[in-house]
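Below you'll find the structure, written out as structure tokens, and then a few comments.
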Amino acid sequence: MGDLIRIEQKKEVLTLILNRPEKRNAINLALLDELAEALGEISGRDGVRLVIVRGEGEVFSSGLDLAAFLEISQRYGQSWKGRMRSITYDFQSILNRLERLELPTIALLHGYCLGLAAELALVCDIRIAAEGCQIGFPESRLGIIPDVGGTTRLPRLIGPARAKELLFTGRQIEAETAAQWGLVNYVVPTSKLMAKADELTGEILQAAPLAIGLVKRVIDGAADLDRGLTLEGWAQSLLLDSEDFSEAVEAYMMKRPPDFKGR
């Protein structure tokens, strides 16, 4: 494994660290590959009872590195847009593995948590955010949708009306608003982020691990997540072939507002 994902273990608590601080922990294919490898390693480790996910440096993560679209073309071929459903499935399967660990997971958010990074946070069981952390799903402003579980998981967490507001606008909200909406569990000063995680971890570790694992399976199994993820892949395969998506990418590169035509 490379160094884009670091693993640290202290007794029964394992921490996964997004380690690309010079790029604001932007997520590229190499980072996703290392995350998948790290998740495979977790399942083989003895004594792990809780997993923390955090980012190194000034932000949790700014989301998908737009250079990843070039990487996708290199990995999947020039006709990758026609294979978008299977590509989306590959991405979804990595985050699904984190969600389906029979271990409690806690995401520690600070600075920015946007797009794919916010989808990563959604698969964790509990989210603790630093004051002022900006959380959002800007995909609609690029002519696409959050297709790695965001469109499916967000409504389950905060309700359809709030989810539509966030996804329609692509707006960023601060951690304090996210807590009011139920998107994060706690908001604390940045300097207290790890202390809050340690406090909550101490409480969780007092409970029986088998019971925790089964509680998680029952709660998560009550929703038809797989159908939602399939719909995300279908929708994204249409959007990535649209004129609006091409216009959004060009506008972003030229640092101008996009002129969407709805086609």
Side-chain angles (χ1 to χ4, degrees), residues 1-7 16-42 53 55-57 59-99 112-123 136-152 170 229-256 258 260 263:
M1 192 165 71
D3 59 0
L4 298 178
I5 295 288
R6 286 206 333 264
I7 298 178
L16 294 174
I17 303 167
L18 310 184
N19 189 38
R20 204 182 178 213
E22 73 285 356
K23 295 292 186 179
R24 301 201 305 171
N25 294 323
I27 300 171
N28 58 9
L29 295 194
L31 191 148
L32 283 173
D33 289 343
E34 289 191 24
L35 178 59
E37 188 177 347
L39 292 170
E41 186 174 329
I42 289 173
V53 181
E56 190 64 69
V59 306
F60 175 72
S61 172
S62 58
L64 180 68
D65 189 335
L66 290 183
F69 285 113
L70 177 59
E71 295 174 334
I72 290 172
S73 176
Q74 293 170 343
R75 177 172 297 188
Y76 293 93
Q78 293 185 348
S79 60
W80 63 272
K81 289 183 181 180
R83 302 177 56 195
M84 197 59 217
R85 273 189 268 184
S86 63
I87 295 170
T88 296
Y89 174 81
D90 289 346
F91 284 23
Q92 290 174 345
S93 65
I94 297 171
L95 269 60
N96 288 348
R97 289 174 66 182
L98 176 58
E99 183 176 53
Y112 288 94
C113 177
L114 304 176
L116 181 54
E119 293 181 287
L120 173 60
L122 285 179
V123 304
F137 300 83
E139 284 85 352
S140 63
R141 298 188 182 192
L142 286 173
I144 55 178
I145 65 169
D147 66 337
V148 192
T151 312
T152 298
L229 294 175
T230 299
L231 289 172
E232 285 183 355
W234 165 78
Q236 197 75 305
S237 66
L238 298 177
L239 291 169
L240 283 169
D241 204 32
S242 69
E243 293 180 22
D244 278 352
F245 173 67
S246 298
E247 164 62 13
V249 173
E250 181 178 325
Y252 177 84
M253 299 300 292
M254 297 180 67
K255 302 186 184 303
R256 61 170 175 80
F260 292 130
R263 59 177 183 263

Discussion item. With salt bridge (charged side-chain N to carboxylate O under 4.0 Å, His left out) as the rule and sequence neighbours excluded, what pairs involving residues 20-32 come up?
Written reply: Arg20-Asp65

Discussion item. Within the 4.5 Å heavy-atom criterion, are Leu35 and Leu98 side-chain neighbours or not?
Written reply: no

Fill in: Nearest-0.5 Å distance, CG of residue Leu122 to CG of residue Leu95
9.0 Å

Fill in: Shortest non-hydrogen separation from Arg141 to Pro258 and the atoms involved
O-CG, 4.4 Å

Worksheet item: How close do Ile72 and Leu29 get, heavy atom to heavy atom, and via which atoms?
Response: N-CD1, 3.9 Å

Practice prompt. Supply the atom-to-atom distance Glu34 CD to Ile7 CD1, rounded to the nearest 0.5 angstrom.
Written response: 9.5 Å

Discussion item. Can you confirm whether Leu18 sits close enough to Ile5 that some side-chain heavy atom of one is under 4.5 Å from a side-chain heavy atom of the other?
Written reply: yes

Worksheet, complete the sentence: What one should report as the nearest heavy-atom pair of Glu71 and Asn28 is OE1-CB, 3.4 Å

Practice prompt. Determine the minimum heavy-atom distance between Ala26 and Leu31, stating which atoms define it.
Written response: O-CD1, 4.1 Å

Worksheet entry | Point-to-point distance, once rounded to the nearest 0.5 Å, from OG of Ser140 to CD1 of Ile145 | 10.5 Å

Discussion item. If I compare all heavy atoms of Gly143 with all of Phe245, which pair ends up nearest, and what's the gap?
Written reply: O-CB, 4.5 Å

Response to the item:
In this structure, CD of Glu247 is separated from CE of Met254 (nearest 0.5 Å) by 9.0 Å

Item to complete: Step through the shown structure and confirm whether more than 12 heavy atoms of other residues, nucleotides or ligands are within 6.0 Å of CZ on Phe91.
Response: yes

Worksheet item: Quick check: does any side chain N or O of Gln92 sit under 3.5 Å from a backbone N or O of Gly149, one acting as donor and the other as acceptor?
Response: no

Worksheet item: Is there a side-chain contact between Asn96 and Val123, using heavy atoms and a 4.5 Å cut-off?
Response: no

Worksheet item: Ion pair present between Asp33 and Arg75, side-chain N to carboxylate O less than 4.0 angstrom?
Response: yes

Discussion item. Contact between Phe60 and Asn25 at the side-chain level, heavy atoms closer than 4.5 Å - yes or no?
Written reply: no

Worksheet item: Would the number of heavy atoms belonging to other residues, nucleotides or ligands and lying under 6.0 Å from CZ of Phe260 be above 12?
Response: yes

Discussion item. If you define the side chain from C-beta out and look only at heavy atoms, does anything of Ile94 sit under 4.5 Å from Arg97?
Written reply: no

Practice prompt. Over all heavy atoms of both residues, which pair between Leu4 and Ala30 is shortest? Give the atoms and the distance, please.
Written response: CD1-CB, 3.6 Å

Discussion item. Holding to side-chain contact (heavy atoms from CB on, under 4.5 Å), I want the full list of residues that pass it with Leu142, two or more places apart in sequence or in another chain.
Written reply: Leu66, Ile144, Ala248

Worksheet item: Quick check: does any side chain N or O of Glu56 sit under 3.5 Å from a backbone N or O of Pro21, one acting as donor and the other as acceptor?
Response: no

